[in-house]
S.K.: 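My questions will all concern the structure given below.
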Amino acid sequence: MMEQTQQDISLRVPGEMAYALVIRTALGGVAILKDLSVDQMDDLRTAADEACDCLLHQGRPVTAIQVHVADRGEKLTVSLEAEFSGCREGDCADRTAISQAVLETLVPEVALTAAECGCIQRIDLTMPRAV
């Protein structure tokens, strides 16, 4: 669990692709508040779309996606974490390499964390920011 500060922002949305727009919009506001460039904002929003797509299309239902933005001075980390139940081994196809490759074209640091059953449960997107 990340240590939260007053600079951190959290959002929880239902686990449906339609809510990726809510995440995109929220991250646009975060980008402005955190002094990201327009290019960084676009990359972050596109990466969030890809992360949502990855989390929601793994062969098991997602009830919600928790988004957490951690401001650590020189870096900003956006974490998207799927909340799901009933994940059984073999439920999820291995898309880790493809998803990570796509995300790394948009954001300098990407970390994917899998649940015990192999499904990707959390995606961390970290980028430098103006201080």
Side-chain angles (χ1 to χ4, degrees):
M1 183 87 174
M2 275 188 218
E3 179 184 326
Q4 255 188 303
T5 70
Q6 291 181 347
Q7 299 296 317
D8 293 353
I9 300 165
S10 293
L11 171 69
R12 185 176 184 269
V13 299
E16 299 172 23
M17 197 60 196
Y19 287 92
L21 180 59
V22 173
I23 294 170
R24 278 181 62 86
T25 303
L27 290 178
V30 167
I32 292 168
L33 291 172
K34 300 301 182 179
D35 298 322
L36 297 181
S37 70
V38 172
D39 288 339
Q40 286 177 307
M41 177 177 63
D42 288 343
D43 289 346
L44 182 59
R45 291 168 49 162
T46 302
D49 279 345
E50 176 64 27
C52 287
D53 187 58
C54 174
L55 292 172
L56 291 169
H57 296 99
Q58 298 186 85
R60 45 85 181 133
V62 174
T63 57
I65 294 178
Q66 178 76 30
V67 181
H68 183 80
V69 180
D71 183 347
R72 299 296 178 255
E74 294 179 7
K75 292 186 177 187
L76 189 72
T77 299
V78 176
S79 301
L80 294 96
E81 185 166 353
E83 296 176 14
F84 56 91
S85 61
C87 189
R88 299 174 313 242
E89 192 168 343
D91 278 353
C92 302
D94 184 10
R95 295 179 50 190
T96 306
I98 295 169
S99 295
Q100 188 153 1
V102 170
L103 291 168
E104 286 175 346
T105 66
L106 300 163
V107 178
E109 294 178 43
V110 176
L112 280 67
T113 305
E116 289 180 16
C117 62
C119 297
I120 298 171
Q121 185 170 17
R122 180 181 171 131
I123 299 174
D124 296 320
L125 309 168
T126 302
M127 60 187 352
R129 70 176 208 71
V131 289

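Values below: all heavy atoms of this structure, side chains included; hydrogens, waters and symmetry mates excluded.
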S.K.: As a quick check of understanding, evaluate side-chain contact (heavy atoms from CB on, under 4.5 Å) for Asp8 and His68, giving each step before the final call.
M.R.: CA-CA 7 Å; Asp8 293 353; His68 183 80; 3.5 Å; yes

S.K.: If I compare all heavy atoms of Ala47 with all of Leu125, which pair ends up nearest, and what's the gap?
M.R.: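 Closest pair (atom of Ala47, atom of Leu125, distance): CB-CD1, 3.9 Å.
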
S.K.: Whether Arg45 and Asp43 form a salt bridge (side-chain N of Lys/Arg under 4.0 Å from carboxylate O of Asp/Glu) is what I want to check.
M.R.: no

S.K.: If you compare all heavy atoms of Asp49 against all heavy atoms of Met17, which two are closest, and at what distance to 0.1 Å?
M.R.: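 The answer is O-CE, 3.8 Å.
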
S.K.: Side chains of Met127 and Gln40: does their closest heavy-atom pair fall under 4.5 Å?
M.R.: yes

S.K.: Out of curiosity, Gln100 CD to Ile123 CD1, how far, rounded to the nearest 0.5 Å?
M.R.: 9.0 Å

S.K.: When rounded to the nearest 0.5 angstrom, what is the spacing between CG in Leu103 and CD in Glu109?
M.R.: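 The distance works out to 13.5 Å.
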
S.K.: For Glu83 and Gln121, what are the C-alpha separation, side-chain angles and deciding distance, and is it a side-chain contact (heavy atoms from CB on, under 4.5 Å)?
M.R.: CA-CA 8 Å; Glu83 296 176 14; Gln121 185 170 17; over 6 Å; no

S.K.: Heavy atoms only: give me the nearest Leu55-Arg122 pair and the separation to one decimal.
M.R.: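 Minimum heavy-atom contact is CD2-N, 4.3 Å.
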
S.K.: List the steps, then state whether side-chain contact (heavy atoms from CB on, under 4.5 Å) holds for Val67 with Ile65.
M.R.: CA-CA 6 Å; Val67 181; Ile65 294 178; 4.2 Å; yes

S.K.: At their closest point, which heavy atom of Thr63 faces which heavy atom of Phe84, and how far apart are they?
M.R.: OG1-N, 4.3 Å

S.K.: Looking at every heavy atom in both Leu80 and Ala48, which two are closest together, and how far apart are they?
M.R.: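 Reported closest heavy-atom pair: CD2-O, 4.3 Å.
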
S.K.: For Asp124 and Ser79, does a side-chain donor sit closer than 3.5 Å to a side-chain acceptor?
M.R.: yes

S.K.: Is there a side-chain contact (heavy atoms from CB on, under 4.5 Å) between Glu16 and Leu56? Walk through the geometry before answering.
M.R.: CA-CA 7 Å; Glu16 299 172 23; Leu56 291 169; 5.8 Å; no

S.K.: Would you check if Asp71 and Thr77 make a side-chain contact, meaning some heavy-atom pair closer than 4.5 Å?
M.R.: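 Side-chain contact under 4.5 Å: no.
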
S.K.: Specify the closest pair of heavy atoms between Ala26 and Leu11, including all atoms of both residues, with the distance to one decimal.
M.R.: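 Taking Ala26 first and Leu11 second, the nearest heavy atoms are CB-CD2, 3.9 Å.
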
S.K.: Say you draw a straight line from OG of Ser99 to CD of Glu104; how long is it, rounded to the nearest 0.5 Å?
M.R.: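 If we round to the nearest 0.5 Å, Ser99:OG and Glu104:CD are 11.0 Å apart.
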
S.K.: In terms of side-chain geometry, is the basic nitrogen of Asp42 or Arg24 positioned less than 4.0 Å from the acidic oxygen of its partner?
M.R.: no

